[in-house]
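The structure appears right after this line, and notes come after that.
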Amino acid sequence: MAEDIVLLADQVSRYFDVSRPWLQRTLAREPKQVLRAVDGVSFRVARGSTLSLVGESGCGKSTVARLAVGLYTPSGGEIRFEGEAISAARAQPDLRRRMNMIFQDPYASLNPRWRVRDIVAEPIRAFKLLSSTADINARVGALLTQVGLAAADGEKFPHEFSGGQRQRISIARALSSEPEFLVCDEPTSALDVSVQAQILNLMKDLQQRLGLTYLFISHNLSVVRHMSDRLGVMYLGRIVEIGPAAEIFANPRHPYTKLLLDAIPDLDMVGRSRTPVGGEVPSPINPPPGCPFHPRCPLANARCKTEKPQVLHLGTVEIACHAAEEGRTTA
Amino acid sequence: MALLDVVDLVVEFPTRRGVLRALDGVSLAIEPGEVLGVVGESGAGKSLTGAAIIGLLEPPGRVAGGQILLNGERIDTKTQEQMRPLRGKQIGAIFQDPLTTLNPLYSIGRQLVETMQTHMKLSDRDARARAIKWLEEVGIPAAAQRIDAYPHQFSGGMRQRVVIALALCAEPKLVIADEPTTALDVSIQAQIITLLKRITREHGTSVMLITHDMGVIAETADRVAVMYAGRVAEIGPVAEVVKHPAHPYTEGLMGSIPSLTHRVDRLRQIDGSMPRLTAIPTGCAFNPRCDKVFDRCRRHRPGLVPSGKTQAACWLYATEAANG
Ligand SMILES: Nc1ncnc2c1ncn2[C@@H]1O[C@H](COP(=O)(O)OP(=O)(O)OP(=O)(O)O)[C@@H](O)[C@H]1O
Ligand SMILES: Nc1ncnc2c1ncn2[C@@H]1O[C@H](COP(=O)(O)OP(=O)(O)O)[C@@H](O)[C@H]1O
Ligand code: SF4
Ligand code: SF4
Ligand SMILES: [Mg+2]
Ligand SMILES: [Mg+2]
């Protein structure tokens, strides 16, 4: 049976022009500078499942999130939502209604001057899902209850809530247009662990109850492990390894995935010592030639320094690494 | 004798609407060479505990009760003038944002040299040689060439390495590190934590490591204090607190952290949230969220009592005699 794909990304790129202003640049005889925030990324998200993307700061996760809901147009490649090009999908209210996004910062993403009731009702009004005030209020009350708040909380303003409660309001708002696909960009990164647990549990409950599909973005591998069916690991604008989450956690093949997994402090590591991989993420403006990970990679050899590894299928995972392709385990 | 002994520390902020009690009887001790982790949710009082120890409470915040003893000597009663020579020489500090510690106008070499010369008799040349040695020790490549560089010329991870060198270069007995890796990427975090662990072990420095990341504590600390609503809920050897927590809050907290090694369907969840300072419940501050709450918890406040290998502030472990 063919997989039911909600979102498909095919070789998607997004470049940003980060040159200095034209006059300064011309005077200094500088070339244009282009930052490849996302560089040829492909993935698909099946209905009712969660695909997570992990990676360190600046690797392009939020840019993918914004591409996925059509807030950015791709510089190359294509994104399809329910089989339609994302720009066409966004032009149709019925398709646009079916996707939404939850942001990292529950403080910045809620309008402080609006009552919670109006914040949550906004998509209902925008998509004209209900018309009578009584119906809208009843629906908002039901949404607030669904995310663990009280219907009466609708009368309050965002500043009257804690960070975790504000994230619940964001989720209620995201759900109010009855979407099927949610892009969640670091939805718990600003929260304490005990509050994070409440939100992650809520997101899983809602997924089961409403059959939601998630594109889940995080830098926290433990959270990702908890949430995902499939997992993509990003480095400098590319996906270096993608496949079933359980498989990647059990048997990471890409050297960067191994590095990340090894870098995560875990409760089970009492007294453990380790040798972290050195170096830092290079600038995406001038990424290293060949495999962008080679300056930090313990397996890098001459080929890695010149030839960009292509994505290849290894069992159920896709991976971009010469060593993995060659079955090499030393430099 | 403990290197640092904090006894019943109370920190208050006078405000227009009355006095806010942000720390309410915090007690903890750090032995020479020991790493004590301090964890808790934001607002639990971790940073204030650290700030009170180094004498850097922001006015109008003030120590309103209890004692802080360093090597048996009270330091909470010292004036700013008297504290200044202790900072750097006795107690070093590392904060979350390296830019709050580093002066953007001075080269990193100058900052290291000045810090050392403030506390030790060193010629310019010796101080510079030592500064290079410190930069090498914290893993700055080509230290001799980069000593005259300015903070903005370094990445976040490199800056935090410089801050570690600055905190340790006058060889203090105790370092207070408040969220030293929170602003950094995971792979850099791992580098910095490993560095901090190695370098303080080699110099026999005690560390108070404040973080909300239990994984970092599990890996780094010898003992850990779990804070809740301005109090210590539980304190003990890290393996015990992680694996066999006694306090119901610690138990809930550990269960709410997703694990890398075993997956569960639902995380354990503590409902509700930590109370604000203006609404701390009477009795045990955790009682409205506790699934083991009983009558006494709502009326009387529990003190730290032994419970297995840890100490917990919970009535479940108090004997009748102890609580009267
Ligand atoms: N509008 C923009 N203009 C210029 N550069 C941008 C823009 N948006 C993102 N970038 C750059 O693109 C790269 C990827 O950014 P992105 O925000 O997607 O990273 P991220 O993986 O979400 O990081 P984080 O974990 O810090 O949120 C970064 O180098 C960033 O500085
Ligand atoms: N300058 C201040 N004025 C009033 N309250 C403060 C001030 N600084 C901290 N607090 C309060 O003291 C409590 C503990 O703060 P803090 O030690 O910074 O927490 P943590 O570091 O554990 O997140 C919090 O409730 C905080 O709001
Ligand atoms: S391609 Fe080469 S440098 Fe890149 S990850 Fe694989 S082995 Fe390392
Ligand atoms: S004292 Fe009572 S309310 Fe507090 S943690 Fe113990 S059992 Fe729970
Ligand atoms: Mg981001
Ligand atoms: Mg703090």
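Every chain is numbered from 1, with letters handed out A, B, ... down the list of sequences.
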Can you say whether B:I257 sits under 4.5 Å from chain A via the side chain, the backbone, both, or neither, judging by heavy atoms? side chain
Give the intermediate values and the outcome of side-chain contact (heavy atoms from CB on, under 4.5 Å) for residues A:E56 and B:S187. CA-CA 8 Å; A:E56 295 181 89; B:S187 68; 2.7 Å; yes
Are side-chain N/O atoms of B:E41 and A:S194 paired as donor and acceptor at under 3.5 Å? yes
Using every non-hydrogen atom in the two residues, find where A:A197 and B:L267 come nearest and quote the distance to one decimal. CA-CD1, 3.9 Å
Apply side-chain contact (heavy atoms from CB on, under 4.5 Å) to B:M274 and A:D192, showing your working. CA-CA 10 Å; B:M274 201 172 67; A:D192 278 310; over 6 Å; no
Under 4.5 Å from any heavy atom of chain A - which part of B:R198: neither
With a 4.5 angstrom heavy-atom cut-off, which part of B:D213 approaches chain A: side chain, backbone, both or neither? side chain
Would you say the side chain of A:R225 lies within less than 4.5 Å of the side chain of B:P258, judging by non-hydrogen atoms? no
To the nearest 0.5 Å, tell me how far B:R263 CZ sits from A:S222 OG. 12.5 Å
Residues, nucleotides or ligands: over 12 heavy atoms within 6.0 Å of B:D265 CG: no
Between OG of B:S273 and CG of A:L191, what distance do you get to the nearest 0.5 Å? 11.5 Å
Give, as side chain, backbone, both or neither, the part of A:L221 having an atom under 4.5 angstrom from any heavy atom of chain B. both
Heavy-atom pairs under 4.5 Å with chain A are the metric here; pick the option from B:I270, B:I217, B:V186 that has the most. B:V186
Sorted by number, residues from residues 201-214 of chain A in contact with chain B (heavy atoms, under 4.5 Å): A:N201, A:K204, A:D205
Neighbour count >12 (heavy atoms, 6.0 Å) for atom NZ, B:K309: no
Using modelled atom types and a 3.5 Å cut-off, is there a donor and acceptor pairing between side-chain atoms of B:Q269 and backbone atoms of A:V195? no
Interface residues of residues 247-260 of chain A facing chain B - non-hydrogen atoms under 4.5 Å apart: A:F249, A:L259, A:L260
Partners meeting salt bridge (Lys or Arg N to Asp or Glu O under 4.0 Å) with A:R238 (sequence neighbours left out): A:D39
Flag the pair A:V193 / B:H212 as yes when at least one side-chain heavy-atom distance between them is below 4.5 Å, and no otherwise. no
Give every residue pair that meets the side chain to side chain donor-acceptor pair (under 3.5 Å) criterion with at least one member in residues 226-238 of chain B, sequence neighbours excluded. B:D24-B:R231, B:Y228-B:R289, B:E234-B:T250, B:E234-B:T310
Taking side chain as everything from C-beta outward and backbone as N, CA, C, O, which of these in A:Q165 sits under 4.5 Å from a heavy atom of chain B? Side chain, backbone, both or neither. neither
